[in-house]
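Take a look at the structure below.
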Protein chains: 2
Amino acid sequence: MTKKKSYTIRDIARAAGVSPATVSLVLNGKGDISGVTRARVLEAVASLNYVPRSTKSGIEAGDTLRFLKIAKHGHTVNRDHSVFISDYIDGMSAEATRRNYTLEIVSFEGQPISAVAESLAGAPISGVIALGTELSEADIRLVQGLGLPTVFIDTVYDIIDANFVDMNNEDAVYKVLARFQKQGFRRIGFVASHVDTNNFHLRRAAFFKNMARLGLTVQDGDVLSVESTYDGAYADTCSLLKSGIDLAECYFCTNDIIAYGFIRALKQFGVRIPDDVSVIGFDNLPQSATMEPALTTIEVSKRKIGYLAVTVLDDLINASEPQPPVKILVGADLVIRASDARGEPQEKRKAPAARAAGKLPAI
Amino acid sequence: MTKKKSYTIRDIARAAGVSPATVSLVLNGKGDISGVTRARVLEAVASLNYVPRSTKSGIEAGDTLRFLKIAKHGHTVNRDHSVFISDYIDGMSAEATRRNYTLEIVSFEGQPISAVAESLAGAPISGVIALGTELSEADIRLVQGLGLPTVFIDTVYDIIDANFVDMNNEDAVYKVLARFQKQGFRRIGFVASHVDTNNFHLRRAAFFKNMARLGLTVQDGDVLSVESTYDGAYADTCSLLKSGIDLAECYFCTNDIIAYGFIRALKQFGVRIPDDVSVIGFDNLPQSATMEPALTTIEVSKRKIGYLAVTVLDDLINASEPQPPVKILVGADLVIRASDARGEPQEKRKAPAARAAGKLPAI
DNA sequence: GACTGCTGTTGTTTACTAAACATGGGGAGG
DNA sequence: CCTCCCCATGTTTAGTAAACAACAGCAGTC
C-alpha cells in the first residue's frame, strides 16, 4: 500500500458515488451539502485513509478565530460567570460556523497579559475575540497592538481605537431607575462591587448620571459596596446591617450574584423583599427566575454580542481597506419579576416588527 | 394572444435554453448567474412578454429598504451636506444590493414628522433607514413607533430603545484635542454652531469632557457660536473680531463648513493660519484638501456607517426573535494637513492587519 | 351557496455536478 | 543545478434536477 500514490479527491468521489467537486466542498465546509452525502463522503475518506496531500506542505489550517478567555485576577471571571461565557460562545460559534470559521478557545487564568500576547504571536489564526471583562486600557492596547484583527467583548473604553461589543450599561441602568421612579420611589440606593471591572465602573457612572437625569438625588449612605461573590456580598451586607445603616427604599445591585447575597442578608435581618425594600439586579442569571422572591433584573442578549463580534471581525479580516474601529452597544431588557415593589404581571418585550409583505403594484 | 394563458417560467426557460430553475434565480436575483445567461433570460422574458402572474395578485414588490432623507428645518441638511448623504447612500446601496434589497430614497423637506410617518404607513417596504441628523428624540420615538424595522443614522440618543449607527463624536473630538495638546497648546477654543443638531450637541459635550480628561481648562470666551453656513459663519466671526475678542491659540470647529467661514474671516483680519491660530475641522469635505491652507480635519467613513446600517437592518428583518436595539459608533480619523501648527508630513492611517495565512500542521 | 379537500400548475430552493480555473511539484531540457 | 512547462490535484463558479411550497380552481358534500 505504499507504491500506489495515495488517493486523490477523485478516488474518494468514485468511492462515495459523488462528483469530485462535492468531495472538495465537503472537505472544505463550503457550499450546501446534505447530511447524508457529507457522511458518505467522510466515510469514504476515512476508509480509504485519504490524506489531502496537495496545497502547502502538511495539513492546512482553515480560517480560525480565537476566543481569548482571560481571567487576570478571577474576581469576576469565575464560576459564577460561566453562564455568560457560554452564551457568548454560543453566539460566536453559531455565526463563525455560518461564515466558515473554526472557533477555538484559549483560556488564561492569573497569567500576565504578556503571556496572552506571546501566545498570539505567529499563531495560525485570522482574528481574535478577546473577553475584555477584566482587561485594563493598557491590556487592551497591548493586545490590539499585536496586529491581528481583534474585537473585544464585555467591555468598552472611550478613546481607544479598537473594536468593542458590549452591553449598553447606561441605557440598562436608566431602565432600572426609571422603573423605580415610576413605582413612586425617590430614595434609590446602589449596591456596587469592591472590585471594579469596567462594566461595573460603567454601571456606577450610569447610576449617578441617570439619577441626575431623572431629577433624583443620591443620598450619601445609599451607595454601598460589597464583595462580588455570593458569600462575600452576604457577609458584607450583614456587617453593614449590624452597624445599623439606614436603608433606602430600593436598591439596584450591580449584578445578580451580589443581589443574591444582599437579599439573603436583608431577609435574615427581617427585611421583607419587596414589601420593605425593592431590589433589581443585573444579568438575569438562571437562578433569578427561580429564587424567592424571583429577582427583577436586567437581561442582555449575550448571543447577540457574540454574533456581532464575529460579524465585525469578519469585516475586519476580509475588508480590502483598513476599517475604522467600531463600538457597538447592545440594548438591554428589564425583566420584571417579584423583587421590586408591587410586582405586576410578567412584562413581555414588544413583538418584533412583522416583516412587511408589500403587495402594491409597482409604479 | 388572449386565449393562451400567458407564458410560464418554463416557456421562458425553453426559449432561453436554460432550466426553469435558472429563470427563477435570475428573476429573483438569487444564486450565481453569469451575465451572459442573465441577459439571455431577461431577453426571453421581454420578447415573450412574460408577466410573473403567480404569487399574490399583481406584480410582486421585491424586498425594499427605504432611506428617509429628512430635512426638518434645513439648517444642516442642505446642499453643503450632500457630499455626506451620497457617501451614506453609496455604503447602503452597495450592501443592500449584495443582500438582495432594493434601496429606495424618499426626501422630506420642511414637512412635519407626521408626514413622514404617514408616508410609511402601509408602504410595501421591509425596513427603514432614517437620516437622523435633524431629528429630535420625540421624532425618533414617533418613527420608531411605526412598527417597521428601523435604523437611524447620523445621530444617537441615550435611553431610546432604537437602533443607531453614528460616528464616534467623543473619540473624534479627543483626537483633535490631544493633537492640539501634543503641539504644546494649552488654550484651546471651540467654534460651535447656533443650530444644535444632535451631533453638534455631542461634539460640544465631548469638547468639555475631553478638555477635562486632558487636564485642560476651558476659558469662558473661547467657546464661540456662529451660524452653520459658510456665509453665516464668516459674518458672525467678523462681528466677533470687530468686537475685539481675545483669540485662543487654536480652535476646533464643529464642522468644516464653519471652519471655512471662520478661517476666511480670520485671514481677512490679518490672522495667519496656522502661524497665529491653528484650526481643525470636522467632516473632511472635499474642499478641505484643496483650500489654502489645507484644513486638518476629522474624517469618518460614511460608507461604513451606511454599510452597518443595512447590516443591522437586515438582521432585524430576518431574525426570528425580537432583536435587542443596537447602538454603533464608528471611529474617526484625524487627517493632518496644514491648518494646525507646525504642519507635519501627511499622516497615514496604520495598515490593516494582514490576514494571517496560517500553515501549521494541525495538532 | 358555502365549505372542504383534492389536484395540477406555477414558481422556489436545495443539493448536487460539469467544467473552467488555480496551484504547485516534478521531469525534461538547457 | 536551474528553468520552464505540463499535468495532477484540488477549488470554485454557474448551472440543473428534483423535491418542495403555494395556490387556483374545481368537485363533492351538506
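Residue numbers start from 1 in every chain, and the chains themselves are labelled A, B, ... in the order their sequence lines are given, proteins ahead of strands.
- Nearest nucleotide to the A:Ser19 side chain, out of C:dT13, C:dA18, D:dA14: C:dA18.
- Side chain of B:Leu25, nearest nucleotide from D:dT16, D:dG15, C:dA15: D:dT16.
- Candidate nucleotides D:dT9, C:dA18, C:dT12 were compared by shortest atom distance to the side chain of B:Ser24, and C:dT12 ranks first.
- The CG atom of A:Leu131 sits 9.0 Å away from the CG atom of A:Leu68 when rounded to the nearest 0.5 Å.
- For A:Ile9, taking side-chain heavy atoms from C-beta onward, the closest of the listed nucleotides C:dA19, D:dT11, C:dT13 is D:dT11.
- By the salt bridge (charged side-chain N to carboxylate O under 4.0 Å, His left out) test, A:Arg38 is found to be paired with no residue, residues two or more places apart in sequence or in another chain being considered.
- Note on B:Ser34: a side-chain N or O is less than 4.0 Å away from OP1 or OP2 of D:dG15.
- Residues satisfying the side-chain hydrogen bond (donor to acceptor under 3.5 Å, both in side chains) criterion with B:Asn168, sequence neighbours excluded, are B:Asp171.
- Distances from the side chain of A:Thr8 to the nucleotides D:dA18, C:dT17, D:dG10 place D:dG10 closest.
- For the atom pair NZ (A:Lys69) and CD1 (A:Ile89), the distance works out to 7.5 Å, reported to the nearest 0.5 Å.
- Looking at heavy-atom distances under 4.0 Å, A:Val18 makes contact with sugar-phosphate atoms alone, never a base.
- Among the heavy atoms of the strands lying under 4.0 Å from A:Thr22 is at least one base atom, whether or not backbone atoms are also near.
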